[in-house]
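Worksheet for the structure shown next.
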Amino acid sequence: MLEPTTVYTPSPTRYDSMTYNHVGTSGLKLPAVSLGFWHNFGDITPYATMRDIVFTAFDNGITHFDLANNYGPEPGSAEKNCGRLLREYFHHHRDELIISTKAGYEMWLGPYGDLGSRKYLLASLDQSLERLGLDYVDIFYHHHMDSSTPLEETMGALATAVQSGKALYVGLSNYDGPTLEKATAILDELHVPFIINQNRYSIFDRTVERNGLKKTAKKLGKGLITFSPLEQGLLTNRYLNGVPADSRIAHDGRFLQESALTPERLQQIRDLNDLAAERGQTLAEMALAWLLHDGYVTSVLVGASRPQQLLDNIGALKNTTFSDEELRRIDEISLR
């Protein structure tokens with residue numbers, strides 16, 4: 001008996017309003033807003049919800065889906081669910097999509113299940129491709145720095161990923177400026193198309209400004225894509241009046257705990273929200289626009305638990321221009 005077929009017809013206007021930015025000096029472009037599979041594509045999320053989020057993303061020009069081997073829960077389930085979505089609905093649109101994945105954090109037991117060895121990275125990539133049902137990913141990242149493995153070995157594994165045809169480009173995630181510079185020299189010598197860095201960055205988290213990553217990436221012609229741009233929901237209107245019962249803090253303490261919402265932080269959120277209102281934006285829109293305003297950030301990775309959140313985030317692209325006074329006030333509020 002034949003299996004029932006599933007049909008999805010993307011919006012014919014999906015490319016009309018999205019902004020696409022070159023990834024550093026490479027020829028590849030990414031949408032200014034990309035969809036991250038970190039939180040809401042594991043087995044605890046209904047498949048219909050995942051499907052509706054992905055449809056909304058693609059219908060609005062979000063062509064980049066970002067994953068990692070350990071995204072879930074359980075680890076690997078986000079890739080499996082993405083693979084199912086690709087197989088059932090996007091088979092004819094693969095060449096319109098950028099699919100990225102990563103390896104670096106613990107994925108399986110034993111001495112070969114994490115970090116940056118050649119053994120781990122190449123085995124993990126094979127496993128990711130099997131879960132995704134793909135012959136290749138567009139971008140394969142090393143997920144974090146690993147001082148226990150020679151940088152030459154880790155970069156050599158990324159080179160092999162490209163040479164084998166299993167990745168088109170490579171990236172580095174959670175690196176700092178000095179290590180990025182060393183890694184770039186190795187990858188250049190190996191003629192590897194290394195194009196992008198993925199790091200946490202938000203109005204509240206300025207680590208990439210302090211550790212040299214942001215300026216070094218720009219100097220070397222590499223792209224920068226940022227995760228947690230809304231600081232796990234703190235840079236939205238969710239917590240203006242405390243902790244809602246259905247919020248991430250209330251029901252999922254893996255990444256954001258109630259201790260993060262101090263009275264001082266709450267006041268910062270409210271002051272930033274007032275500034276956003278003056279600009280005619282929501283706090284989330286302003287937070288995303290701020291990341292994109294100076295041309296250093298190629299794309300912001302957003303998660304979504306429902307389609308409307310994605311549409312709200314895309315609204316940030318309507319105004320990514322800030323006056324010097326607005327930038328000064330954002331720094332004054334967020335860094336105090």
Side-chain angles (χ1 to χ4, degrees), residues 23-24 34 36-39 42 66-76 78-79 99-128 137-162 167 169-187 192 194-202 205-217 220 222-229 231-232 254-256 297-301 303:
V23 184
S34 297
F37 279 57
W38 183 14
H39 286 306
D66 180 75
L67 300 106
N69 58 357
N70 64 334
Y71 287 176
E74 294 291 323
E79 288 181 329
I99 307 296
S100 60
T101 197
K102 315 175 195 72
Y105 289 103
E106 184 177 9
M107 187 58 192
W108 63 86
L109 294 176
Y112 318 120
D114 63 355
L115 300 175
S117 72
R118 181 178 183 85
K119 166 76 171 174
Y120 166 65
L121 290 179
L122 296 177
S124 180
L125 178 55
D126 283 343
Q127 292 178 19
S128 290
V137 290
D138 297 278
I139 304 171
F140 181 51
Y141 290 90
H142 184 221
H143 210 161
H144 66 88
M145 295 186 293
D146 172 23
S147 61
S148 68
T149 303
L151 196 59
E152 290 79 5
E153 178 178 346
T154 301
M155 298 307 108
L158 295 181
T160 297
V162 173
Y169 304 91
V170 302
L172 302 176
S173 183
N174 298 303
Y175 273 56
D176 59 24
T179 313
L180 164 62
E181 195 139 23
K182 294 174 185 175
T184 299
I186 298 169
L187 292 168
V192 179
F194 161 47
I195 62 170
I196 194 165
N197 299 272
Q198 185 172 138
N199 291 74
R200 185 174 184 133
Y201 189 25
S202 74
D205 190 334
R206 310 292 186 92
T207 301
V208 296
E209 296 176 3
R210 296 191 301 270
N211 69 11
L213 186 284
K214 183 180 178 181
K215 287 186 176 179
T216 302
L220 297 175
K222 308 302 179 186
L224 174 59
I225 185 168
T226 61
F227 66 89
S228 297
E231 201 64 21
Q232 302 297 313
R254 288 177 301 157
F255 305 105
L256 184 64
V297 173
T298 307
S299 182
V300 291
L301 272 168

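Note that the structure is predicted; figures quoted are calculated from it, not measured.
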Report yes if some heavy atom in the side chain of [X] is under 4.5 Å from a heavy atom in the side chain of [Y]; otherwise report no.
X      : Y      : answer
Tyr105 : Asn70  : yes
Asn174 : His143 : yes
Phe140 : Leu158 : yes

Would you confirm whether [X], through its side chain, and [Y], through its main-chain N or O, come within 3.5 Å as a donor-acceptor pair?
X      : Y      : value
Asp138 : Ile99  : yes
Ser299 : Ile225 : no
Glu153 : Ser117 : no
Ser202 : Asp205 : yes
Lys102 : Asn69  : no

Rounded at 0.5 Å granularity, tell me how far [atom1] in [X] sits from [atom2] in [Y].
X      : Y      : atom1 : atom2 : value
Asn199 : Thr226 : CG    : OG1   : 9.0 Å
Ser128 : Leu121 : OG    : CG    : 10.5 Å
Arg206 : Asn211 : CZ    : CG    : 13.5 Å
Gln127 : Met107 : CD    : CE    : 6.5 Å
Asp114 : Tyr120 : CG    : OH    : 6.5 Å
Leu172 : Thr184 : CG    : OG1   : 7.0 Å

Could you tell me whether the side chains of [X] and [Y] share a donor-acceptor contact shorter than 3.5 Å?
X      : Y      : result
Asp66  : Ser34  : no
Glu79  : Thr101 : yes
Glu181 : Thr216 : no
His39  : Gln232 : yes

Any idea which heavy atoms bring [X] and [Y] closest together, and the distance?
X      : Y      : result
Phe227 : Arg200 : CE2-N, 3.1 Å
Asn197 : Ala217 : ND2-CB, 3.7 Å
Pro229 : Leu301 : CD-O, 3.0 Å
Thr179 : Leu151 : O-CD2, 4.2 Å
Tyr175 : Leu180 : CD2-N, 4.3 Å
Gly116 : Thr149 : O-CG2, 3.5 Å

message: Around atom CD of Glu74, are there more than 12 heavy atoms from other residues, nucleotides or ligands closer than 6.0 Å?
response: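 No, not enclosed.
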
message: Applying salt bridge (charged side-chain N to carboxylate O under 4.0 Å, His left out), can you list everything that pairs with Lys214, at least two apart in sequence or on another chain?
response: Asp294

- prompt: With sequence neighbours left out, what residues match Ser148 under side chain to side chain contact (heavy atoms under 4.5 Å, CB included)?
  reply: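 Expected list: Leu115, Asp146.
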
